[in-house]
Trainee: 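Can you keep this structure in mind? I'll have questions shortly.
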There are 2 protein chains.
Amino acid sequence: MTAVGPRALEGGARGPAGNVPEGYDPHAFEPFAVTVDLAVFTVRGGALHALLIRRGQEPYAGAWALPGGFVLPRESAELAARRELAEETGLPDDVVAGLHLEQLRTYSEPDRDPRMRVVSVAYTALVPDLPEPRGGGDAAHAEWIAFGTSGQLAFDHADILADARERVGAKLEYTCLATSFCPPEFTLGELRQVYETVWGTALDRPNFRRKVLATPGFVEQVAGASRLTGGRGKPAALYRAGPATALHPPLLRPEGRQS
Amino acid sequence: MTAVGPRALEGGARGPAGNVPEGYDPHAFEPFAVTVDLAVFTVRGGALHALLIRRGQEPYAGAWALPGGFVLPRESAELAARRELAEETGLPDDVVAGLHLEQLRTYSEPDRDPRMRVVSVAYTALVPDLPEPRGGGDAAHAEWIAFGTSGQLAFDHADILADARERVGAKLEYTCLATSFCPPEFTLGELRQVYETVWGTALDRPNFRRKVLATPGFVEQVAGASRLTGGRGKPAALYRAGPATALHPPLLRPEGRQS
DNA sequence: CGCCTTTATAGTCAGAGTGACCATTAAGGG
DNA sequence: CCCTTAATGGTCACTCTGACTATAAAGGCG
C-alpha cells in the first residue's frame with residue numbers, strides 16, 4: 001500500500017480542516033472504501049435476534065455477517081444504511097423510513113478487511129418482530145439469528161454486534177426506545193419482555209408497571225382494548241407508544257449486570 | 001462525479017459484507033477521503049473552551065475550525081486523532097496517550113466539504129486547563145476559544161462541536177469523566193465547577209459534595225493536603241480521581257435543562 | 001482588632017422513587 | 001372445581017435527593 005496523497009499534504013495546513021492544493025488529484029492516493037454495517041435487532045419468542053446474512057465467497061465464506069454495503073458517491077451514510085436495510089429486509093420504503101436507526105460508531109482498523117482499506121460506519125436498528133425477511137432480490141439472504149448462536153462472524157462484525165447490544169441495553173435505561181421493539185399496540189408484559197430479553201434479567205412485574213405508567217408520555221392506553229398474551233392468564237390492556245423519548249428519571253437495570 | 005465502482009458491484013452480494021470481484025480496481029471509482037475532526041474541551045476560568053484553529057485559505061478562510069486531518073493509509077481513525085491532537089497541542093506523546101479520547105460520531109453528508117467527498121470521524125477529548133498550545137510546527141495555530149464566541153465555524157464544525165458538547169454533558173451524568181477536566185489533584189469546588197460550567201447550571205454545594213463522596217471510587221482524598229481555591233474562603237481538601245468510571249446511580253442535571 | 005465576605009464542610013428534614021413483597025382478578029387446563 | 005399463569009392493585013421500608021440551616025476557616029477592610 002503506497003502512502004502518497006495525504007502525506008503529500010503535510011507541508012501545509014492539513015485535511016479538510018486545512019487545505020487541499022488546487023492541483024490536488026483525488027485519484028492519486030490509495031483510496032478508502034466507505035461502507036455501512038447494520039446491527040438490526042428484534043425480540044422474538046423471548047430471545048434477542050439479529051439480522052444476519054450468510055456469506056457466499058471468501059473471505060469468511062459460509063460465515064454469518066452483518067448486512068451492509070458501500071456508501072454511494074452522492075449518499076450520506078445514514079441514507080446508505082436505510083437503503084441497505086430496505087434491500088435486505090424487503091420491507092416497503094415507508095416502513096423503513098419510520099424505523100429507529102441510530103449511528104453506533106465507525107470501525108476503521110486498517111486490516112479489518114483483508115482485501116482493501118474499508119472504513120465502516122455501523123448503525124443500529126430496532127424493529128418489532130417482522131415477518132421473515134425476503135432476500136433483497138440479489139444473492140443476499142438475510143435471516144433472524146438468535147444472539148450468540150451464529151458461530152464466528154465475518155470480519156470484526158462480532159465486535160460491532162456486541163457494541164450494538166451494549167448500546168441498546170444502555171439506551172433502554174434512559175430512553176423510551178423499548179417501544180421500537182414492539183408492534184404498534186402492545187401489552188406491558190410484552191414491553192417488559194423487551195427489557196428482560198435485552199438485559200438478560202428478570203424484572204418485578206408490578207414495579208415495572210408502576211414505573212412505566214408513572215413516566216408521562218412513555219405509553220398511552222388504548223381505550224377498551226385488551227388481549228390475551230400467552231394463551232393463559234388475565235387479558236392485558238393494550239398500549240401505544242407515547243410522545244416521550246427520554247426517561248426521567250431513568251429505569252436502571254438491576255445491579256449493573258452486563259451480559 | 002462518476003458513479004462507477006460501487007454500483008458495478010450491485011450484481012453480486014455487495015460491499016465488504018458481500019464480495020469484491022477479483023479484478024476489482026480500487027482506483028476505478030471516485031474516492032472518499034477519510035479524516036478525523038477533534039472537539040477538544042477544557043474548563044478555564046469558569047467557562048467552557050474548545051481548541052480551534054484559524055483557517056488560512058478558502059473555503060472558510062479566516063473562520064475558526066476544528067483541528068483534524070487525514071487518516072493515513074495504515075492508521076486507524078483513533079490513532080489519527082491522537083496524532084493530530086499531539087501535533088496541534090504540542091503536548092508530549094505520553095501525555096496525549098493518557099488523555100480521554102472518545103469517538104463522537106461520523107459526519108458523511110455528501111456536500112459537507114465543497115472540494116471533494118470527505119467522510120469525517122469526529123472525536124471528543126477532555127483535558128485539564130493546559131498551558132497555551134504551541135502551534136504544531138506547521139502553519140496550524142490552535143487556540144482555546146470560549147464556547148459560543150467563535151463566530152461561524154468552517155464546514156459543519158458547529159454541528160460537530162454542539163454534538164460534542166451535548167455528549168459531554170450527558171456523560172457527566174453517568175460517568176466519572178468530570179475528573180478528566182481537572183488537574184491530578186483538585187478540590188471538590190473545582191470538580192463542581194466542571195459540572196456547573198458544562199451544564200450551565202448552579203449546583204448546591206453540600207449536596208454535590210455528599211453525592212460525590214457517597215460514590216465509591218469516584219474521588220480519593222489526598223491525606224493532609226489542602227489548598228486555597230479562590231484566594232478567599234476556607235482551604236479545601238484535595239482529592240485525586242479514583243478507580244471508578246461509572247456513576248451508579250447517576251448524577252442527573254437539574255430539570256432536564258439543555259443549554 | 002472585630003466584622004464582613006467567601007468558601008468549605010457538617011447536618012437536618014421532607015418528599016420522591018425504588019425494591020421487595022402480598023393480594024386480588026381473570027383467563028385456560030385437567 | 002381447583003390448579004397454574006399473568007395482569008393488576010396495593011403496602012412498607014429504605015435510599016436518594018433537593019432545600020435548607022449552621023459552623024469553620026480563610027482574606028479584606030475599617
Side-chain angles (χ1 to χ4, degrees), chain A residues 45-46 172-174 182 185-197 199 201-216 218-219 221-239 244 246-257, chain B residues 45-46 172-174 182 185-197 199 201-216 218-239 246-257:
Chain A
L172 289 192
E173 290 193 331
Y174 56 94
C182 295
E185 297 193 345
F186 51 87
T187 69
L188 292 186
E190 290 164 348
L191 187 64
R192 183 173 43 80
Q193 265 209 8
V194 168
Y195 280 89
E196 292 181 334
T197 301
W199 287 348
T201 59
L203 296 177
D204 182 81
R205 255 186 275 251
N207 289 345
F208 178 81
R209 175 188 185 78
R210 178 180 57 187
K211 174 68 180 175
V212 171
L213 295 182
T215 303
F218 192 176
V219 297
Q221 188 161 9
V222 179
S226 66
R227 185 209 302 163
L228 280 163
T229 50
R232 275 201 283 274
K234 181 176 174 178
L238 288 178
Y239 294 84
L247 269 177
H248 276 294
L251 174 52
L252 300 174
R253 49 193 141 179
E255 264 319 281
R257 292 181 46 201
Chain B
L172 289 192
E173 291 192 331
Y174 56 96
C182 296
E185 298 192 344
F186 51 87
T187 69
L188 292 187
E190 289 163 349
L191 187 64
R192 183 173 43 80
Q193 265 210 7
V194 168
Y195 280 89
E196 293 180 333
T197 301
W199 287 349
T201 59
L203 296 178
D204 182 80
R205 256 185 274 251
N207 289 344
F208 178 82
R209 174 188 185 77
R210 177 180 59 186
K211 174 69 181 175
V212 170
L213 295 181
T215 303
F218 192 176
V219 298
E220 293 169 348
Q221 189 160 10
V222 179
S226 65
R227 185 210 301 161
L228 280 164
T229 50
R232 276 199 285 271
K234 182 177 175 178
L238 288 177
Y239 294 83
L247 268 177
H248 276 294
L251 173 52
L252 300 174
R253 50 192 140 176
E255 264 320 282
R257 292 181 46 200

Trainee: Under the 3.5 Å rule, do the base of D:dG9 and the side chain of A:Arg205 count as making a donor-acceptor pair?
Mentor: no
Trainee: Tell me which of A:Tyr239 and B:Leu251 sits closer to the 5' end of DNA chain D, going by the nucleotide each one is nearest to.
Mentor: A:Tyr239
Trainee: With respect to the side chain of B:Asn207, which nucleotide from D:dA26, D:dT8, D:dG18 is positioned closest?
Mentor: D:dG18
Trainee: CG of A:Leu203 versus P of C:dG19: gap in Å, rounded?
Mentor: 9 Å
Trainee: When all nucleic acid strands are considered with a 4.0 Å heavy-atom cut-off, which category describes B:Arg192: base, sugar-phosphate, or nothing?
Mentor: sugar-phosphate
Trainee: Is any side-chain heavy atom of A:Phe218 less than 4.5 Å from a side-chain heavy atom of A:Leu191?
Mentor: yes
Trainee: Find the distance between CG (A:Asp204) and CZ (A:Arg210) and round it off to the nearest 0.5 Å.
Mentor: 8.0 Å
Trainee: Going from CD on B:Glu220 to CG on B:Leu238, what distance comes out if it is rounded to the nearest 0.5 angstrom?
Mentor: 13.5 Å
Trainee: Examine the base of D:dG10 for any acceptor or donor lying under 3.5 Å from a partner atom in the side chain of A:Arg210, and report the outcome as yes or no.
Mentor: no
Trainee: Whole Å only: how far is the CG atom of A:Leu188 from the P atom of D:dA7?
Mentor: 8 Å
Trainee: Distance check, rounded to the nearest 0.5 Å: B:Arg253 atom CZ versus B:Leu172 atom CG?
Mentor: 8.0 Å
Trainee: Can you tell me the distance, in whole Å, between the CG atom of A:Asp204 and the C1' atom of D:dT11?
Mentor: 13 Å
Trainee: So which nucleotide from C:dT7, D:dT17, C:dG17 ends up closest to the side chain of A:Pro249?
Mentor: C:dG17
Trainee: Give the rounded distance in Å between these two atoms: CD of B:Glu196 and P of C:dT7.
Mentor: 11 Å
Trainee: B:Lys211 has a side chain; which of D:dT17, D:dA6, C:dT18 sits nearest to it?
Mentor: D:dT17
Trainee: Starting at atom CG of B:Leu247, determine the distance to atom C1' of D:dT15, rounded to an integer number of angstrom.
Mentor: 16 Å
Trainee: Just to be sure I understand the rule, does B:Ala214 reach a base, reach only the sugar-phosphate, or reach nothing, if contact means heavy atoms closer than 4.0 Å?
Mentor: nothing
Trainee: Return the value, rounded to whole Å, for the distance between atom NE2 of A:His248 and atom P of C:dT18.
Mentor: 13 Å
Trainee: Would you mind telling me which residue lines up with the more 5' stretch of DNA chain C, B:Leu238 or A:Leu252, judged by nearest nucleotide?
Mentor: B:Leu238
Trainee: Could you tell me the separation between the CD atom of B:Gln221 and the C1' atom of C:dA8, rounded to a whole number of Å?
Mentor: 12 Å
Trainee: Given atom CG of A:Leu191 and atom P of D:dA6, what is their separation to the nearest angstrom?
Mentor: 17 Å
Trainee: Which nucleotide wins on minimum distance to the side chain of B:Pro206, given the candidates C:dA26, D:dT21, C:dA8?
Mentor: D:dT21
Trainee: With nearest nucleotides of DNA chain C determined for A:Lys234 and B:Glu190 from heavy-atom distances, which residue corresponds to the more 5′ nucleotide?
Mentor: B:Glu190
Trainee: Where the side chain of B:Arg209 is concerned, which of C:dT9, C:dT25, D:dT5 is the nearest nucleotide?
Mentor: C:dT9
Trainee: Nearest 0.5 Å, what's the CD-OG distance between B:Glu185 and B:Ser226?
Mentor: 11.0 Å
